[in-house]
Protein chains: 2
Amino acid sequence: MTAQGDPTPGTVRPGGRTARTRLAVRDAVLTGLAEHGYPGLTVEYVAERSGVHKTTVYRRWGSVEGLVADALDLAGEDTWTPPDTGSLEGDLRALAREVTETFGSASAAAAPTAFVAAAFQSDRAAEALRAFYTERFARCESVVRRAVERDEAPPGTDAGAVVRAVSAPLFFRALVTREPIDVPLADQTAAAVAVAVRAGAYLPARR
Amino acid sequence: MTAQGDPTPGTVRPGGRTARTRLAVRDAVLTGLAEHGYPGLTVEYVAERSGVHKTTVYRRWGSVEGLVADALDLAGEDTWTPPDTGSLEGDLRALAREVTETFGSASAAAAPTAFVAAAFQSDRAAEALRAFYTERFARCESVVRRAVERDEAPPGTDAGAVVRAVSAPLFFRALVTREPIDVPLADQTAAAVAVAVRAGAYLPARR
DNA sequence: CTCCAAATACAACTACAGTTGCATTACCCT
DNA sequence: AGGGTAATGCAACTGTAGTTGTATTTGGAG
């Protein structure tokens, strides 16, 4: 999960100017994504905006994809926890609505969209994205765990499959087919998955 | 759906050398994608491989994204029809397995993956991708229509939502999180959606 | 406080993607 | 068949992304 741009392990200088530079660059990356989108983000822009010389940016991050991958590593280090509404369908609906909100406004969608775009360009960004979602979905599995405890879902339900089934149709429309997504669609998706869970369609024995 | 690379409407020269050039270039694009992947595909490679001068490629297609968008337009002009196995779950399972097959081998996945990647880079490719999937999913809706006729699905079922719900989790894992997808996963996804359909979770009244 | 190593700044350079003006070729129409 | 026009080929050019070698600055350790 550690960014490749980090000083090599065991370095003597973890803080100070290096840390300031990194933060300034990360800030410039997010600003640039919001303003020009991923295709318009250039190393030169980040260098100018952050006040860090472009040589330094190239040496530590290597490319635009490296910059985005580093920003993605940072995004994974938050304290987000899945919703807890007291019912399976309520939790799934809240999860789906969060996706809808993220991709509802262009400014909020800029960074997540860029993360996916960068993953198509470089293996490092792809790995960072994979790690991000692995960790994020692992957090979400508590939703299913609680549902099992409430007898809303059969024991052994494949929690990972459930949380992916709720998110995927919305991600797919937002990122691949560019169809509009809204709250009713999120609710429909959550309801459908909740029905399937209760029916035992996500028991891993079926795989 | 007409490619931007086409001669302007009403042109006097729809066939002949122009058509040969276009086919040679399209072929080179697909070969290049399979060999080097999207990030490694360059206009210069396509020019050399196709025997068409790079100036011509730049003039007619404009960029790598234009080349990919044109190839995508071509891909949409096929005679593919959705499976007809005689049951809803069978049809959904067959659809899901097709997705699995597409992204199962690196060579088969190269073009579809590139289409999505290009859509993040240029609006023209994004529009071509949107058109492709809109048309493709419209064809798939016959699966749901037949299920309604067989009383396997309630009348008024949102066919578009159903076919997207079957495909999306597989696309999402293949393209975004880069998780492995296999036949059991396809079957699980299809079974879950079939259960939800039968329970009436995809009635558009819920939106 | 001073010294040392790491990180950054600077400037010049390289390479290649993409452009432009013009010559040439090939196709369609009469 | 042959003339006109669209499309392609060609070669030289431009701009900029990315590189390299070196000087300078910074921050921590003793």
Side-chain angles (χ1 to χ4, degrees), chain A residues 2-29 32 36-70 117-118 121-122 124-125, chain B residues 2-29 32 36-70 117-118 121-122 124-125:
Chain A
T2 297
Q4 194 177 310
D6 269 339
T8 44
T11 181
V12 270
R13 202 158 304 170
R17 183 166 66 163
T18 297
R20 282 202 308 278
T21 299
R22 190 171 184 186
L23 284 178
V25 167
R26 280 170 158 174
D27 200 59
V29 168
H36 309 293
Y38 176 72
L41 187 70
T42 67
V43 172
E44 219 116 356
Y45 169 91
V46 172
E48 190 166 350
R49 170 98 199 180
S50 65
V52 174
H53 201 86
K54 79 165 181 174
T55 320
T56 301
V57 177
Y58 274 112
R59 271 202 265 259
R60 282 186 58 183
W61 286 273
S63 64
V64 173
E65 287 75 35
L67 287 166
V68 173
D70 192 37
Q121 303 289 331
S122 87
R124 189 189 149 204
Chain B
T2 298
Q4 194 177 309
D6 270 340
T8 45
T11 183
V12 269
R13 203 159 300 170
R17 185 168 62 161
T18 298
R20 282 202 307 278
T21 300
R22 191 172 184 186
L23 284 178
V25 167
R26 281 170 156 173
D27 200 59
V29 168
H36 308 293
Y38 176 72
L41 187 69
T42 67
V43 171
E44 220 118 355
Y45 170 90
V46 171
E48 189 167 351
R49 171 98 198 179
S50 65
V52 173
H53 200 87
K54 80 166 180 173
T55 317
T56 301
V57 177
Y58 273 114
R59 271 202 271 258
R60 283 185 57 185
W61 286 273
S63 65
V64 173
E65 287 77 33
L67 287 166
V68 173
D70 193 37
Q121 302 289 330
S122 87
R124 189 186 150 206

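Quick note on labels: first sequence line is chain A, next is B, and so on, each numbered from 1. Side chains are part of it too, since the values below use all heavy atoms of this structure and drop only hydrogens, waters and symmetry mates.
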Out of [options], which has the shortest distance to the side chain of [X]?
| X | options | value |
| --- | --- | --- |
| A/T56 | D/dG18, C/dT8, C/dG21 | C/dT8 |
| B/T18 | D/dA7, D/dG21, C/dA7 | D/dA7 |
| B/Y58 | C/dA26, C/dA17, D/dG21 | C/dA17 |

In whole angstroms, how far is the [atom2] atom of [N] from the [atom1] atom of [X]?
| X | N | atom1 | atom2 | result |
| --- | --- | --- | --- | --- |
| A/R59 | C/dA11 | CZ | P | 14 Å |
| A/K54 | D/dA17 | NZ | C1' | 6 Å |
| A/R60 | D/dG18 | CZ | C1' | 18 Å |
| B/Q121 | C/dG18 | CD | P | 11 Å |
| A/W61 | D/dA17 | CH2 | C1' | 18 Å |
| A/Y45 | D/dA17 | OH | P | 14 Å |
| A/E44 | C/dA17 | CD | P | 17 Å |

Using a 4.0 Å heavy-atom cut-off, does A/S63 contact any base of the nucleic acid, only the sugar-phosphate backbone, or nothing at all? nothing

Considering every strand and a 4.0 Å limit on heavy-atom distances, what is the contact class for B/G62: base, sugar-phosphate, or nothing? nothing

Check this one for me: any side-chain N or O of A/H53 less than 4.0 Å away from OP1 or OP2 of C/dC10?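 Indeed, a polar side-chain atom of A/H53 lies that close.
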
Would you compute the distance between atom CD of B/Q121 and atom CD of A/Q121 and round it to the nearest 0.5 angstrom? 4.5 Å

A/E44 CD to A/Y58 OH distance, which is reported to the nearest 0.5 Å: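 It comes to 6.0 Å.
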
Could you walk me through whether B/Y38 and B/E65 pass side chain to side chain contact (heavy atoms under 4.5 Å, CB included), step by step? CA-CA 10 Å; B/Y38 176 72; B/E65 287 77 33; 2.8 Å; yes

Could you check whether the side chain of A/R20 and the base of D/dG27 have a donor-acceptor pair of N or O atoms closer than 3.5 Å, going by distance alone? no

Give a yes or no on whether a donor-acceptor pair under 3.5 Å exists between the nucleobase atoms of D/dT8, that is its base, and the side chain of B/R17. no

Decide side chain to side chain contact (heavy atoms under 4.5 Å, CB included) for B/D70 and B/R22; before the verdict, give the C-alpha distance in whole Å, the side-chain angles of both, and the deciding distance to 0.1 Å. CA-CA 9 Å; B/D70 193 37; B/R22 191 172 184 186; 2.8 Å; yes

Under the side chain to side chain contact (heavy atoms under 4.5 Å, CB included) rule, what do A/T56 and A/V25 come out as? Steps first, then yes or no, please. CA-CA 10 Å; A/T56 301; A/V25 167; over 6 Å; no

